[in-house]
Amino acid sequence: MDLAHDESLRSPDQNDGEEQKSTSEQTVQGSAIPYTTIFEHMPDALLALDMQGRITYLNHQTESFLQKTRAQLLGSSIWEAIPKIRDTPLFQNCQQAKTTGKTVSFEYLSSAVNKWFHVHIYPSEEGVCVYFQDITERKQAEERLHQSEKHFRALIENSADGIALTDMHGVITYASPSTTRMVGYLPEEFVGGRIFGRKDYPDGGEATRRLMARVLEEPRKSQLLEFRTGHKNGTFIWMEVTGINLLDEPGVEAIVWNFRDVTERKQLEQEVAKAKEQLEAILNNVADGIVVADANNSLVYVNDVAARMTGFPSAAAMLAAPQSAFGERLRRFATWDEQGRPLPFKERPGFQASQGKKAHALVLYQDTLADQGYWTLMRAQPIFDAQAQVQFVVSVFTDITEQKEFEQRKDHFISMASHELKTPLAILSAFTQLLRERFEAEDRQDVMLHLSKMDDQITRLTKLVADLLDISKMQAGKLELAQEAVDMDELLREVVDNLQPTTTHRLLVEGAAHRSITGDRDRLGQVLMNLLTNAIKYSPQAETVVVRVAQTRDTLTVSVQDFGIGIAQSHQEKLFERFYRVYSEKDQTYPGLGIGLYIAHEIIRRHGGKMWVDSVEGKGSIFSFSLPIR
Ligand code: ADP
């Protein structure tokens with residue numbers, strides 16, 4: 001084949017009648033450069049075959065592509081020299097070019113050199129000229145593009161979110177399968193239609209129109225809307241849609257819509273809102289006032305009862321009130337503790353809870369404007385965050401004015417009754433004494449025995465009345481304590497000596513105080529007496545009661561240990577309360593009113609001391625108190 005005679009390779013102004021030279025000798029018109037020089041320097045492979053398929057020319061690039069030298073190939077049939085080529089599209093297409101006389105072009109991957117070629121086969125009378133253009137790089141770029149498109153398509157098609165594209169009129173040009181899945185339609189039922197155009201958007205019409213307007217007005221700014229739409233199956237679903245106008249973005253030229261099914265979240269939100277409503281209804285209907293404050297003492301929640309207690313018409317009014325108005329309202333209330341002392345701020349349960357402690361207090365709220373008092377049980381509890389810091393303080397106020405008034409009437413009655421009983425008892429005691437003296441002189445042992453029993457009961461009754469009177473005094477804050485030097489060792493000896501003849505228990509004293517304390521001798525004696533008589537009373541099977549005295553530099557501690565019935569843990573906290581008794585099958589036979597420990601505890605407290613109990617049920621108890629040594 002003669003390349004120079006190939007029409008397709010000839011330049012348009014090439015002269016037909018030009019004298020023919022061999023391929024190697026022919027030059028480019030108007031220059032001295034032979035064609036072969038150009039062919040040799042071409043980046044592409046060039047191959048000329050005659051009608052029999054013999055190679056008449058191949059350039060340098062073709063050598064490396066066919067992996068054979070020019071000397072090996074020139075003159076021989078390509079199909080025989082490289083039989084494998086017969087199986088490639090090259091063979092077929094060469095035949096086709098030859099028979100049709102038309103140029104054939106195709107793309108072809110050479111497995112021998114692992115390269116892609118765009119092949120052009122130009123037919124001529126002498127045979128064919130084959131031109132291999134290396135397009136590997138372009139192909140690889142195409143492949144990468146294809147891969148990445150596949151990648152993104154897979155992402156879009158498999159994303160839980162729905163993605164749709166529309167033009168500026170809202171006409172859908174693409175809808176991802178998840179978009180249509182969410183509403184139960186097929187993509188083809190969507191594409192071509194108008195976004196938000198379906199009639200089943202029950203209440204989104206106006207909102208979606210405004211969304212569309214916003215999207216169009218502000219290109220590249222994402223706009224969000226939650227709306228309710230219909231599913232093909234007739235149910236409703238909540239959608240969160242984001243639209244972004246990328247109409248002016250080359251290659252996108254669309255509005256991109258992202259849909260998310262938020263039905264579950266919406267349902268949860270509605271349930272939470274409903275539960276909150278119910279809870280508020282409950283909290284507003286309880287009799288207690290409830291206030292929740294955060295760590296900065298700002299109100300978070302308050303119910304109607306609490307609002308009314310503080311002089312606001314409703315919870316909403318209280319929450320809306322500025323801090324100043326709030327403070328003003330509160331200033332009209334004075335707070336007193338049970339003993340009638342002003343309650344220091346730091347002792348308020350709310351303050352205690354803000355410091356992380358659960359607390360309660362019985363408080364008299366005095367509305368100074370209305371001149372009205374409310375007895376309130378204040379309870380406060382801290383709520384901690386994950387870092388164990390106080391996050392909220394929940395305070396509950398229970399109005400116990402009525403209960404308190406009733407209790408006061410009862411206390412008043414006890415006080416009056418004890419007073420009324422005191423005089424006849426004193427008279428009875430005096431007359432018993434008189435009778436004893438008389439019958440003793442007559443040596444009437446039988447009557448003496450009866451009189452002694454009578455005297456015991458009168459003493460018991462007198463003690464009871466005295467205890468009741470003490471309680472009344474304590475309640476009214478009228479218990480007076482003497483301030484004298486008390487030798488505790490001597491006092492203890494005296495109490496033990498008085499008690500020992502009346503019991504079969506051995507009363508043992510261990511340790512000594514060696515120092516006096518300041519206080520009321522009689523009242524401290526009463527405390528020791530109470531603890532010792534209890535120890536004897538509640539250990540009927542035991543033989544001993546041990547009293548221990550110990551002291552440090554500034555405190556004196558006395559403990560009374562018995563080996564009796566003991567006290568269950570659940571009762572121990574309440575033992576020192578007024579009228580508290582432990583009732584159980586076993587100790588129902590023990591007489592008493594549950595006031596001895598209350599009185600003892602109060603006396604010690606009023607001396608600036610502490611009283612506590614350590615006890616194991618069935619093993620015994622240790623009641624202790626400590627007093628400051630002044
Ligand atoms: P009471 O007159 O009932 O003994 P107290 O106030 O002295 O009243 O005691 C209150 C309750 O504490 C008693 O009813 C009893 O259940 C319990 N208690 C007091 N001391 C002891 C003790 N040493 N051992 C067991 N229980 C005791």
Side-chain angles (χ1 to χ4, degrees), residues 407 410-411 414 417-418 421 456-475 479 492 495-496 498-500 502-510 522-549 557-607 609-626:
E407 233 175 74
K410 191 185 69 190
D411 286 345
I414 293 174
S418 332
L421 287 171
D456 282 353
Q457 294 309 314
I458 290 171
T459 313
R460 232 186 105 196
L461 213 58
T462 311
K463 182 173 179 303
L464 242 167
V465 170
D467 278 354
L468 284 173
L469 271 171
D470 281 350
I471 284 203
S472 303
K473 279 190 206 148
M474 282 171 184
Q475 282 303 109
L479 185 79
L492 189 57
V495 173
V496 169
N498 283 342
L499 210 54
Q500 187 62 83
T502 67
T503 172
T504 54
H505 285 71
R506 237 160 20 102
L507 308 180
L508 303 175
V509 179
E510 290 177 4
D522 288 349
R523 291 296 182 186
L524 292 173
Q526 189 180 351
V527 172
L528 287 170
M529 196 63 150
N530 268 341
L531 296 185
L532 278 162
T533 45
N534 275 351
I536 294 164
K537 181 161 87 175
Y538 295 105
S539 66
Q541 314 290 338
E543 288 169 0
T544 46
V545 169
V546 186
V547 185
R548 288 190 188 83
V549 186
T557 307
V558 180
S559 308
V560 178
Q561 179 173 20
D562 67 60
F563 305 91
I565 60 169
I567 305 148
Q569 188 73 36
S570 56
H571 292 291
Q572 292 181 12
E573 212 178 289
K574 295 188 170 156
L575 280 187
F576 303 106
E577 286 176 16
R578 208 156 51 118
F579 307 125
Y580 192 86
R581 303 207 73 221
V582 181
Y583 283 105
S584 78
E585 294 285 293
K586 279 180 272 168
D587 64 342
Q588 241 156 31
T589 48
Y590 300 101
L593 291 179
I595 47 184
L597 280 183
Y598 169 76
I599 293 173
H601 184 263
E602 270 302 297
I603 292 172
I604 295 299
R605 192 180 69 80
R606 303 280 295 274
H607 275 84
K610 279 191 307 190
M611 181 176 274
W612 67 98
V613 63
D614 297 295
S615 181
V616 178
E617 204 176 5
K619 292 242 160 84
S621 313
I622 307 175
F623 280 86
S624 313
F625 64 85
S626 66

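Both ligands and their constituent atoms are indexed starting at 1 by order of listing. Heavy atoms only: backbone and side chains are in, while hydrogens, waters and symmetry mates are out.
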* Quick one: does H601's side chain have a donor or acceptor within less than 3.5 Å of a partner on E577's backbone? -> no
* Has the side chain of T503 got a donor or acceptor atom that lies under 3.5 Å from a matching backbone atom of Q500? -> no
* Asked: So is Y598 polar-close to ligand 1, meaning N/O to N/O under 3.5 Å?
  -> no
* Sequence-distant partners of A568, side-chain contact (heavy atoms from CB on, under 4.5 Å), two or more places apart -> S570, H571, E617
* Please name all residues satisfying side-chain contact (heavy atoms from CB on, under 4.5 Å) with T459, sequence neighbours left out, ordered by chain then number. => D455
* Backbone or side chain, does any N or O of G566 fall under 3.5 Å from an N or O of ligand 1? -> no
* To do: Begin with the C-alpha distance, continue with both residues' side-chain angles, and end with the deciding distance and a verdict on side-chain contact (heavy atoms from CB on, under 4.5 Å) for V509 and V496.
  => CA-CA 9 Å; V509 179; V496 169; 4.0 Å; yes
* Asked: Angle class for the F623/F576 ring planes (parallel below 30°, perpendicular above 60°, tilted otherwise)?
  -> perpendicular
* Between G592, G594, G620, flag the one that comes closest to atom 8 (O) of ligand 1 by a heavy atom. => G594
* To do: Give the atoms of ligand 1, by number and element, whose distance to some non-hydrogen atom of I595 is under 4.0 Å.
  => 6 (O), 8 (O)
* Asked: Given L593, N534, V560, which has its nearest heavy atom closest to atom 2 (O) of ligand 1?
  -> L593
* Asked: Is there at least one pair of N or O atoms, one from I567 and one from ligand 1, spaced under 3.5 Å apart?
  -> no
* Per atom 13 (C) of ligand 1, closest listed option by heavy atom (Y538, Y590, Y580) -> Y538
* **Test item, K537 contacting ligand 1 (heavy atom, 4.0 angstrom)** => yes
